[in-house]
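Below, chain A is the first sequence line, B the second, and so on; all start at residue 1.
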Protein chains: 2
Amino acid sequence: MNQAIETVDQVPRAQDTKERILDAAERLFADNGFAATSLRQITAEAQVNLAAVNYHFQNKETLIRAVLHRRIGPINKRRFDLLDALEFAAGDSGPLVLEEVLRAFLLPVMEARTSCPEMRHWPRLLGRLYTELHGSLMEMFQKEMAPAGQRFTAAIQRAEPGLTPEALAWGLHFGIGALAHFLAAGELLRFISRGTVDPDDHLEALGFLVTYMTGGLRALRSQNKETAQ
Amino acid sequence: MNQAIETVDQVPRAQDTKERILDAAERLFADNGFAATSLRQITAEAQVNLAAVNYHFQNKETLIRAVLHRRIGPINKRRFDLLDALEFAAGDSGPLVLEEVLRAFLLPVMEARTSCPEMRHWPRLLGRLYTELHGSLMEMFQKEMAPAGQRFTAAIQRAEPGLTPEALAWGLHFGIGALAHFLAAGELLRFISRGTVDPDDHLEALGFLVTYMTGGLRALRSQNKETAQ
DNA sequence: GTCTATAGTGGGATAGAC
DNA sequence: GTCTATCCCACTATAGAC
């Protein structure tokens, strides 16, 4: 009742304009990509005036930046919480388990789609990000991801000491690619599996991806031992 | 000498207009993506009149289709030749080696960049393809890739009989993602590895990717055994 | 088959009233 | 902060001369 006092007849304006723009942009960018989404589509979906975009954000690039920035922090916060718990449990000298480290990295992205509603577009958005962004946007993203990259690189290193830094970089890159491709083009999986796999079951996907990445990284570690002579 | 008789002062017109458009489009699509590349850029680079595009191809979508179609055949031909050789060597009942099957699938794409000049943009183009194409274009690509998909799925199945069809689909999907991400965003690898890895060395990449995919698929096979009870 | 010219559309951005 | 109206630009596609 209370909440209605100030918003009678304002149903479509319940949220702040700025946030409504971000919400609409997030969904459209995720579904259609950055280049293919026009500001007009965004303002139409947000039920907001076209000029509002240029008022609240200077231009389209800054809007993209804002859309990404809003989500990166919470996702990485969750990652760090999970990794903190693993490291605490392992103590100063105990071992870290590769599967669990990878799960801590991947779970926040996977669960985003289902757990909290306002996060549900992030996975697809992330999938698009890697192939569509260039220049300053990519640099901005790399800067925001650098701390997570460093902490998880170190954790994987600790879990699998046999991995050289080069092999770890390759493995991480391949894993991110597998993740991004699944998030952006999960529907292909329906085709590949002839309908027997449901790509919308993200927890199942998490299990398969953790297994796959673990196997891939351990194989890179073993190969390295062999060629080390 | 002979070849100059008819082409004096025709240096920029040495090639057929249609093919020059395809060449320019291929490079620009690979570098900037499909949506972000304009027909004007293409005709400018091809040193061809703007209207020529709509004369030789009806519209932009058909041009994209033609660019893709021109390369898929030869790549898959090479794949089949390599797989034929493996299957011949293995005979009717002998085993296939997973590493070799994957190498037969990946080598033609990797070597495309370096071996024959006119193929050098295909890898990046392929990387873009999976995340940028929709609807009819994606269907067309799937249709052209279906035979290769079926043959290699069967070969992997033969190499690793323990893999369930579902696990194989997941593994293949992840592997394609790793490949596409490497091809489209290889520069990220420089960043992740802090400059110690050169993503332009495609033969090195092939080795790492074969190892990674092999390890991932074998891990999926083992996991399946465990959960089979 | 190749060109010029242009139609027709939709985009990002802004000026200026309210 | 919000709106209308509009500028200016780039794009795809086509018409029609040569």
Visitor: Using a 4.0 Å heavy-atom cut-off across all strands, classify A:A51 as base, sugar-phosphate, or nothing.
Guide: base
Visitor: Tell me: CG of A:N54 to C1' of C:dG11, nearest whole Å?
Guide: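 Interatomic distance, CG of A:N54 to C1' of C:dG11: 12 Å.
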Visitor: Donor-acceptor pair, A:E132 side chain versus A:F34 backbone, under 3.5 Å?
Guide: yes
Visitor: Among B:R151, B:R78, B:K77, exactly one meets salt bridge (charged side-chain N to carboxylate O under 4.0 Å, His left out) together with B:D84. Which residue is that?
Guide: B:R151
Visitor: Looking only at side-chain atoms of B:N49, point me to the closest of D:dT4, C:dC3, C:dA13.
Guide: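 Nearest to the side chain of B:N49 among the choices is C:dC3.
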Visitor: Considering only heavy atoms, which members of residues 32-41 of chain A lie under 4.0 Å from some atom of DNA chain C?
Guide: A:T37, A:S38, A:L39, A:R40
Visitor: Rounded off to whole Å, could you give me the CG-to-C1' distance for the A:L50 and C:dT14 pair?
Guide: 10 Å
Visitor: Within this structure, what is the CE-CD1 distance for the pair B:M119 and B:I75, rounded to the nearest 0.5 Å?
Guide: 4.5 Å
Visitor: Under a 4.5 Å cut-off applied to non-hydrogen side-chain atoms, are B:L63 and B:I42 in contact?
Guide: yes
Visitor: Before giving the answer on ring-ring contact (aromatic ring centres under 6.0 Å, His included), spell out for A:Y130 and B:H181 the whole-Å C-alpha distance, their side-chain angles and the decisive distance to 0.1 Å.
Guide: CA-CA 8 Å; A:Y130 287 107; B:H181 187 239; 5.2 Å; yes
Visitor: Expressed in angstrom and rounded to an integer, what is the separation of A:I42 atom CD1 from C:dG10 atom C1'?
Guide: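 Those two atoms, CD1 and C1', are 15 Å apart.
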Visitor: Could you tell me how far apart B:K60 (NZ) and D:dC11 (P) are, to the nearest whole angstrom?
Guide: 9 Å
Visitor: Measure from the side-chain heavy atoms of A:T17 and tell me the nearest of D:dA13, C:dT4, D:dT2.
Guide: D:dT2
Visitor: Expressed in angstrom and rounded to an integer, what is the separation of B:H56 atom NE2 from C:dC3 atom C1'?
Guide: 12 Å
Visitor: Could you state the interatomic distance from CZ (A:F152) to CG (A:L106), rounded to the nearest 0.5 Å?
Guide: 8.5 Å
Visitor: Roughly, in whole Å, what's the span from CG in B:D16 to P in C:dT2?
Guide: 7 Å
Visitor: Between A:E61 and B:Y55, name the one whose nearest nucleotide on DNA chain C is closer to the 5' end.
Guide: B:Y55
